[in-house]
Amino acid sequence: MAVQNWLEALKAAKKTALIQDGIRKVHYLFLDGKEMAEEYDVKTDELIVRKWRSKTSIGAVGQWQIEVGEPSPPTLEALEPQLIKESSGNPVVMRKDTKTCFQWRIRNLPYSKEVYNLSVEPTERCCIVRTSNKKYYKKLHIPDLDRCQLPLDPSALSYAHANNTLIVSYQKPREILNLEHELQKELKKMKGSSDGDVDCKTQ
């Protein structure tokens, strides 16, 4: 089963842990050379950040790609004056999960709640956000479900709107909740260092 395969891949990965300022930081190095870094709140076990990095086709280390958490701040190069730059009023998508839901916050969307239409697209394996005024369209993918080869369920999707922010929630299926519970048990066995990264035994 794909869920079990993903859990085994997590267990087999070389892991290092660091606890700093109430955050448990875990770095995974997978057998295929890909890296994943996660940050959890030590008190609640909630996932704050998940990002991925893999080598480029010529073997160089690639850039980190954010899957969960705040987008990376602009680099110094990006801060230099430019003739054309993205408006600060454009919608910004950030995934911030809860214990029971995959959740996205889309800022800078001022339209009233009834304008939004959300649906699940099984063939493209994504959730789609549309507006009836045709001002916004966005596909939201859930890599967690893809990794575990789980189907998308339209009844799991819901949304709310407040303070110019659309909050899209997708209820985590039982298989994902069980996997996350098992993973937390694994992570808590690791001896996290408060001084620096330490190599930790994998089960």
Side-chain angles (χ1 to χ4, degrees), residues 1-72 94-104 120 122 124-127 140-153 156-157 169-203:
M1 190 179 176
V3 178
Q4 193 60 34
N5 291 347
W6 175 234
L7 182 59
E8 291 304 323
L10 289 170
K11 288 181 178 181
K14 184 182 178 190
K15 295 183 281 293
T16 55
L18 166 67
I19 295 175
Q20 192 175 50
D21 301 326
I23 305 293
R24 176 184 285 110
K25 301 180 180 183
V26 187
H27 178 272
Y28 303 77
L29 179 60
F30 293 96
L31 298 175
D32 62 3
K34 284 185 181 174
E35 297 173 77
M36 181 175 78
E38 293 183 327
E39 295 180 14
Y40 292 90
D41 185 302
V42 171
K43 288 181 182 170
T44 66
D45 293 334
E46 275 193 19
L47 178 66
I48 302 166
V49 172
R50 179 186 292 135
K51 54 188 179 179
W52 289 85
R53 182 166 72 177
S54 54
K55 290 201 165 116
T56 64
S57 53
I58 56 170
V61 175
Q63 295 286 319
W64 284 106
Q65 302 295 319
I66 305 283
E67 182 179 305
V68 178
E70 289 274 4
S72 299
M94 182 192 84
R95 184 171 145 190
K96 187 183 187 322
D97 293 354
T98 67
K99 295 283 277 184
T100 57
C101 291
F102 302 118
Q103 195 172 84
W104 298 263
V120 163
E124 293 190 52
R125 293 195 57 78
C126 64
C127 305
L140 302 172
H141 294 271
I142 311 176
D144 311 66
L145 297 184
D146 293 341
R147 285 189 286 267
C148 296
Q149 295 176 20
L150 294 169
L152 275 77
D153 177 7
L157 194 59
S169 301
Y170 185 98
Q171 196 80 24
K172 292 177 182 176
R174 180 178 46 81
E175 293 91 340
I176 293 288
L177 293 173
N178 291 344
L179 183 146
E180 290 179 350
H181 179 69
E182 285 297 314
L183 181 59
Q184 283 302 319
K185 287 202 294 190
E186 287 293 315
L187 296 181
K188 283 172 182 175
K189 289 179 192 171
M190 297 168 64
K191 293 189 172 83
S193 164
S194 56
D195 303 316
D197 284 1
V198 289
D199 282 333
C200 306
K201 292 179 184 174
T202 53
Q203 298 300 313

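For clarity, every value in this text was computed on a predicted model and none was experimentally measured.
- Looking at Gln4 and Glu8, their side chains do bring a donor and an acceptor atom within 3.5 Å of each other.
- Atom CD of Gln184 has more than 12 neighbouring heavy atoms from other residues, nucleotides or ligands inside a 6.0 Å radius.
- Within a 6.0 Å sphere centred on NZ of Lys99, heavy atoms belonging to other residues, nucleotides or ligands number more than 12.
- Asp144 has a carboxylate O that lies under 4.0 Å from a charged side-chain N of Arg95, or vice versa, which qualifies the two as a salt bridge.
- Salt bridge annotation for Lys96-Glu70: absent, with no cationic side-chain nitrogen under 4.0 angstrom from a carboxylate oxygen.
- A cation-pi arrangement, defined by a distance under 6.0 Å to the six-membered ring centre and an angle within 45 degrees of its axis, is absent between Lys14 and Tyr28.
- Of the N and O atoms on the side chains of Gln65 and Lys51, not one donor lies less than 3.5 Å from an acceptor on the other residue.
- Taking Gln103 as the reference, Arg105, Ser169 meet the side chain to side chain donor-acceptor pair (under 3.5 Å) condition, with sequence neighbours excluded.
- Residue Lys15 holds its NZ atom at 7.5 Å from CG of Leu187, rounded to the nearest 0.5 Å.
- Qualifying side chain to side chain contact (heavy atoms under 4.5 Å, CB included) partners for Asp41, counting only residues two or more places apart in sequence or in other chains: Lys43, Thr44, Ile48.
- A donor-acceptor contact closer than 3.5 angstrom is absent between the side chains of Glu35 and Trp52.
- Between Pro173 and Leu145, the shortest heavy-atom contact is CG-CD2, 3.8 Å.
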